[in-house]
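The structure under discussion appears below in the form of structure tokens.
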Amino acid sequence: MTGDDIDRRHHFAQDCAREAGAIARRHFRSCEAASNIEKGRHDPVTQADLEIDRFLIDQLAGAFPADGILTEETGGAPARHLWVIDPIDGTLNFARGLAHFAVSIAFCIDGRTQSGIVYDPVSDEIFTARRGHGAFCNGRPIRVRTTQGPWDAIVDAGYSSRHPAADYLRLVHGLLAQGYAFVQNGSAAMGLAALACGRIDGFCELSLKSWDVLAGLLLVEEAGGWTGGFPHGPGLLEDHEVLACTPALRQSLQGLLLEASPLRGKTPLPSV
Ligand code: LIP
């Protein structure tokens, strides 16, 4: 696959993300909650999730029939050329009328993310990254913040009922003990985009899926941040802990996450 082939996909996916965002705006705050399906505690699927999932699959499969597609609502399998999609990341926020959610689209070749797009349809901000070509918000270059240390840092520490509350409390205790400010905003894609453009200094969560984070992790890397990556291959379909931050915070946050993690004492994850 040539650079031009990837560029074509990168630009096509941006158009798709904007159209998907328009679908989300149409449904947002409309009284459809009754039709939501519950996948787990605080883990709904809305009509908008399903409609956008379908729309993106149709668009991408139509334009690039040979590519593989993996989405949160339809699933899929690892492939050499693979789209990894979350139609609405931050669905609980979306379902409750909280304006903090995004469409997330990543394109990967041989287990390496080459293009990442996170579109926030409420603020109409599109975050884009092409591997080796930098990261942008609405076309303007973005960089992570130059953080001094924990006393100067905000971390988005995500939580879900997929992992024991005790591990999360250990993480939060560690963050507060080291002097961090922390938030829990409910969308990994939005958290990683906020990190990439310098609004926060770190994002971590003990259990996430590839579709929540692949696009956002590339944004952070191309904006000069550090990430602990996410495994590809069979690991693409499993839950994994995720850490991304400004370079100054890497050691401190890696230590806190390892201390809190069920993996503590085991070897760290391979890079993206
Ligand atoms: C969400 C993640 C968030 C996590 C939520 C949920 P979804 O993804 O972005 O970080 O805390 O539990 O997994 O389900 O809205 O696509």
Side-chain angles (χ1 to χ4, degrees), residues 17 20-21 23-24 27-28 32-33 36-54 56-57 70-76 83-106 116-122 127 154-165 167-169 171-172 175 182-196 199-200 202-220 227-228 230 236-245 253 257 260-261:
I23 298 172
H27 288 269
F28 188 47
E32 291 168 353
N36 292 351
I37 305 153
E38 293 298 323
K39 283 195 287 192
R41 196 150 53 86
H42 302 309
D43 195 5
V45 183
T46 67
Q47 290 310 311
D49 283 284
L50 300 174
E51 186 180 334
I52 294 170
D53 197 80
R54 189 72 262 148
L56 290 172
I57 291 171
L70 168 65
T71 81
E72 175 167 12
E73 307 312 339
T74 303
W83 295 95
V84 181
I85 295 165
D86 193 338
I88 298 182
D89 185 64
T91 297
L92 183 61
N93 289 341
F94 175 85
R96 302 298 289 271
L98 296 168
H100 193 77
F101 57 89
V103 177
S104 178
I105 304 175
I117 293 151
V118 171
Y119 178 51
D120 170 358
V122 176
F127 297 87
I154 302 173
V155 171
D156 187 342
Y159 172 74
S160 78
S161 56
R162 287 187 300 276
H163 54 80
D167 296 339
Y168 184 70
L169 292 173
L171 176 63
V172 168
L175 288 169
F182 87 98
V183 293
Q184 200 261 329
N185 283 340
S187 166
M190 290 284 277
L192 293 165
L195 169 57
R199 292 174 188 162
I200 63 172
F203 175 86
C204 57
E205 189 154 352
L206 290 166
S207 158
L208 280 172
K209 297 280 189 188
S210 54
W211 46 73
D212 298 319
V213 294
L214 286 190
L217 289 172
L218 184 64
L219 287 173
V220 173
T227 84
F230 197 96
L236 210 54
L237 305 176
E238 290 157 15
D239 283 61
H240 281 284
E241 58 189 43
V242 170
L243 175 60
C245 58
L253 291 177
L257 198 66
S261 157

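Predicted model only: the values in this text are computed from it and were never measured. For ligands, and for the atoms within them, numbers begin at 1 and follow the listed sequence. Numbering of residues begins at 1 and proceeds along the displayed sequence.
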Report task. For the residue pair Leu92 and Pro44, establish whether any side-chain heavy-atom pair is separated by less than 4.5 Å. Result ->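 Contact flag for Leu92/Pro44 side chains = yes.
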
Query - Heavy-atom check, side chain of Val155 versus side chain of Cys245, under 4.5 Å - result: no

Report task. Please answer whether the main-chain N or O of Asp89 pairs with a side-chain N or O of Ser187 as donor and acceptor at a distance below 3.5 Å. Result ->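 Yes; judged by distance alone, with no hydrogens or angles, the pair exists.
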
Query raised in the report: Side chain of Asp120, backbone of Met190: donor and acceptor closer than 3.5 Å?
Result: no

To the nearest 0.1 Å, how far is [atom] from its closest protein heavy atom, and which atom is that?
atom                    : value
atom 2 (C) of ligand 1  : Asp89 OD1, 3.7 Å
atom 16 (O) of ligand 1 : Asp86 OD2, 2.8 Å
atom 10 (O) of ligand 1 : Glu205 OE1, 2.8 Å
atom 14 (O) of ligand 1 : Glu72 OE2, 3.4 Å
atom 12 (O) of ligand 1 : Ser160 CB, 3.1 Å

Requested in this report: For the residue pair Tyr168 and Tyr159, categorise the inter-ring angle as parallel (less than 30°), tilted (30 to 60°) or perpendicular (more than 60°).
Outcome: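 Ring orientation of Tyr168 relative to Tyr159: tilted.
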
Query raised in the report: Does a donor on one side chain and an acceptor on the other come within less than 3.5 Å for His163 and Glu241?
Result: no

**Report entry** Donor on one side chain, acceptor on other, Asp239 and Ser207, under 3.5 Å
**Finding:** yes

Query raised in the report: How does Tyr159 reach ligand 1, if at all, at less than 4.0 Å between non-hydrogen atoms: by side chain, backbone, both, or neither?
Result: backbone

Report task. With heavy atoms under 4.0 Å as the rule, classify the contact between Thr91 and ligand 1 as side chain, backbone, both or neither. Result -> both

Report summary line: ligand 1 to Leu208, heavy atom cutoff 4.0 Å, flagged ligand atoms 2 (C), 10 (O)

[X] touching ligand 1 at heavy-atom level, < 4.0 angstrom:
X      : value
Ile88  : yes
Arg162 : yes
Leu92  : no

Query - Close N or O approach (Ala188, ligand 1; < 3.5 Å) - result: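 Between Ala188 and ligand 1, an N or O pair is found under 3.5 Å apart.
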
Report task. Quick one: closest heavy-atom pair of Leu236 and Ser210, and the distance? Result ->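 Leu236 and Ser210 have their closest heavy atoms at O-OG, 2.8 Å.
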
